[in-house]
Asker: 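This is the structure I have questions about; it appears just below.
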Amino acid sequence: MNDSLIIFDTTLRDGEQSPGASMTRDEKIRIAKQLERMRVDIIEAGFPAASKGDFEAVQAVARAVTDSTVCGLARAVEKDIDGAAEAIKPAKRGRIHTFIATSPIHMQNKLRMTPEQVLERAVWAVKRARQYTDDVEFSPEDAGRSEIDFLCRVLEAVIAAGARTVNIPDTVGYNLPHQFGALIKTLRERVPNSDKATFSVHCHNDLGLAVANSLSAVLNGARQVECTINGLGERAGNAALEEIVMAVRTRRDLFSCDTRLDTTQIVPASRLVSGITGFPVQPNKAIVGANAFAHESGIHQDGVIKKRETYEIMRAEDVGWTANRMVLGKHSGRNAFKQRLKELGIEFKTEQELNGSFERFKDLADKKHEIFDEDLQALVTEADLEQENEHYRLVSLKVCSQTGETPRATVTLAVNGSEKQADAEGGGPVDASFKAVDSIVGGGGQLLLYSVSNITTGTDSQGEVTVRLEKGGRIVNGHGADTDIVIASAKAYLNALNKLVTPGERTHPQAGQPI
Ligand code: KIV
Ligand code: ZN
């Protein structure tokens with residue numbers, strides 16, 4: 001019988017560490033519910049010590065999820081471990097994941113601790129976490145660049161102290177697949193009590209090798225993989241969940257383990273994460289990219305029609321690619337709307353919230369006759385965004401764009417309740433709208449990214465816009481959706497500006513180790 005490969009999803013923690021990918025509590029709950037529906041084993045819901053908001057978000061996920069284990073990350077310090085324990089308390093099954101760096105470069109320059117101090121602290125942290133739960137995971141951060149003898153000593157000691165899972169991170173994405181696989185094999189052979197813990201891996205994608213390294217580790221005995229939807233994560237990202245899961249399943253002939261995932265939930269999860277974070281999925285992305293199952297050249301099409309296996313190693317429907325299915329329309333009632341959202345894991349806290357969203361749905365159904373699940377997700381995201389601090393709110397936008405003429409925009413904003421209007425010219429209607437907004441708000445941040453994608457297909461599809469701004473070292477993403485992409489752009493810009501006016505102090509888990 002095959003072993004089980006545990007899938008540990010860290011979209012809500014490491015994924016959220018991508019610049020601008022921060023999520024609200026409600027967004028985290030929606031993603032967590034989708035991960036649960038996909039039967040992910042463990043959901044790392046966040047780093048509770050980052051801020052009060054992060055603590056509350058982890059706690060809310062712990063309350064909302066019942067089938068997956070909910071995990072909180074903690075540095076090897078008392079306040080983090082105690083905070084993580086408190087945040088995961090409501091979970092049916094909770095895990096504390098504590099870590100400390102073990103590579104010479106991190107110990108000397110970041111921690112300013114000797115290896116003996118690090119070892120002692122690692123053991124202390126695991127013991128402290130074990131006071132709260134039996135399910136404790138330990139990570140020697142930057143294991144991929146740590147000295148093997150020291151790594152073996154640390155792992156032996158933390159397993160003896162009660163860590164049930166030891167996770168080997170390639171924190172900076174430095175390792176090559178054969179090397180990383182060999183590292184896992186060596187650790188399992190050399191650590192005397194290695195059979196008392198599950199070996200896990202956590203690979204970053206700086207050299208584009210996160211998935212290859214993770215799979216090499218699995219072939220060498222790792223039985224937990226840490227990964228994220230769409231490969232979201234710090235810098236170049238983490239190993240993509242969908243690629244790991246489908247590689248193991250498709251190449252059953254090579255892997256002596258499998259996951260318990262419902263793979264048909266992969267594409268909906270990918271779309272949800274992309275919609276919420278505003279990180280688009282490239283069309284040629286494996287498994288979840290729009291072209292992943294598209295056959296262009298005639299010769300391929302001919303082969304697929306005759307026998308699909310000639311060019312297809314997986315079935316599109318097995319990963320959740322079904323044609324957009326119309327779920328609701330203009331004549332759908334409030335109950336049908338509420339029921340479909342419930343099926344998508346979205347429940348309203350108050351009647352008022354339901355009524356507000358239903359009104360938006362009716363407006364959208366007037367403009368766009370067929371409403372898909374993706375439209376409903378975007379609609380709820382929009383409603384959530386409006387509830388966030390609304391320092392600036394779009395009252396109206398008029399644009400004039402004509403061949404041979406300079407585009408002009410007139411924008412009316414409610415700024416802290418009072419209305420202000422401005423107009424501006426620009427290179428295009430979006431540029432003119434942003435300039436008009438700037439002249440009201442007095443210049444926002446520096447625009448790092450502007451991207452538009454369509455939520456479904458067809459020219460009546462809603463456009464989903466992401467705007468990334470940077471101000472004083474802080475990076476925020478703003479989102480907006482509308483059937484009119486200029487309005488969607490203005491909403492996204494205002495959403496980003498609203499985030500910049502809210503204080504956003506958060507501690508980064510890997511920035512340093514408070515002693
Ligand atoms: O990349 C890393 O080392 C991490 C640890 C906190 C596990 O994210
Ligand atoms: Zn990481």
Side-chain angles (χ1 to χ4, degrees), residues 6-19 21-22 42-50 54 58 71-77 80-81 83-84 95-107 109-111 118 121-122 125-126 129 135-146 151 154-155 158 163-175 180 183-184 187 197-211 213-214 217 222 224-241 244 506-514:
I6 299 167
I7 295 297
F8 176 114
D9 180 281
T10 182
T11 308
L12 302 180
R13 197 278 296 171
D14 217 324
E16 204 199 19
Q17 284 172 217
S18 312
S22 70
I42 298 146
I43 299 173
E44 187 164 52
F47 172 50
D54 286 80
V58 176
C71 175
L73 181 71
R75 292 167 297 188
V77 293
D80 281 26
I81 295 170
R95 171 178 292 192
I96 299 175
H97 174 192
T98 185
F99 74 100
I100 189 163
T102 50
S103 65
I105 188 167
H106 276 232
M107 291 190 290
N109 300 290
K110 180 175 92 165
L111 301 178
V118 166
R121 180 66 71 89
V126 169
D135 194 351
V136 172
E137 170 173 329
F138 174 79
S139 292
E141 190 192 3
D142 204 18
R145 292 189 298 171
S146 299
L151 200 51
V154 172
L155 293 182
V158 294
R164 290 236 180 118
T165 303
V166 284
N167 176 47
I168 310 303
D170 182 17
T171 303
V172 289
Y174 180 69
N175 283 232
F180 197 63
L183 172 65
I184 301 304
L187 292 173
T198 300
F199 272 70
S200 166
V201 288
H202 174 112
C203 298
H204 279 271
N205 206 29
D206 300 66
L207 292 173
L209 295 171
V211 170
N213 284 342
S214 306
Q224 174 179 291
V225 176
E226 303 201 352
C227 44
T228 58
I229 303 292
N230 301 336
L232 194 70
E234 189 89 52
R235 304 179 311 278
N238 288 62
L241 176 146
I244 303 275
R506 300 174 89 198
T507 308
H508 188 292
Q510 288 154 275
Q513 197 84 2

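Atoms within a ligand are numbered from 1 in the order they appear, just like the ligands themselves.
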Asker: Answer yes or no: is there a donor N or O on one side and an acceptor on the other, between the side chain of Asp14 and the main chain of Gly233, under 3.5 Å?
Answerer: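 Flag not set: sc Asp14 to bb Gly233 has no pair under 3.5 Å.
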Asker: Quick check: does any side chain N or O of His202 sit under 3.5 Å from a backbone N or O of Cys227, one acting as donor and the other as acceptor?
Answerer: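 No.
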Asker: Taking Ser146's backbone N and O only, do any of them form a donor-acceptor pair with Ser103's side chain (distance below 3.5 Å, no angle check)?
Answerer: no
Asker: Can you pull every nitrogen or oxygen pair between ligand 1 and the protein closer than 3.5 angstrom?
Answerer:
from     : atom 1 : to     : atom 2 : distance (Å)
ligand 1 : 1 (O)  : His202 : NE2    : 3.1
ligand 1 : 1 (O)  : His204 : NE2    : 3.0
ligand 1 : 3 (O)  : Thr171 : OG1    : 2.6
ligand 1 : 8 (O)  : Arg13  : NH1    : 3.3
ligand 1 : 8 (O)  : Arg13  : NH2    : 2.9
ligand 1 : 8 (O)  : Asp14  : OD2    : 3.0
ligand 1 : 8 (O)  : His202 : NE2    : 3.1

Asker: Indicate whether any N or O donor in one side chain lies under 3.5 Å from an N or O acceptor in the other, for Ser139 and Asn167.
Answerer: yes
Asker: Decide, yes or no, whether a salt bridge links Arg13 with Glu226 under the criterion of side-chain N to carboxylate O below 4.0 Å.
Answerer: no
Asker: Do you see an N/O/S atom of Asp14, backbone or side chain, under 2.8 Å from the Zn ion (ligand 2)?
Answerer: yes
Asker: Could you tell me whether the side chain of Thr165 and the main chain of Glu137 form a donor-acceptor pair under 3.5 Å?
Answerer: no
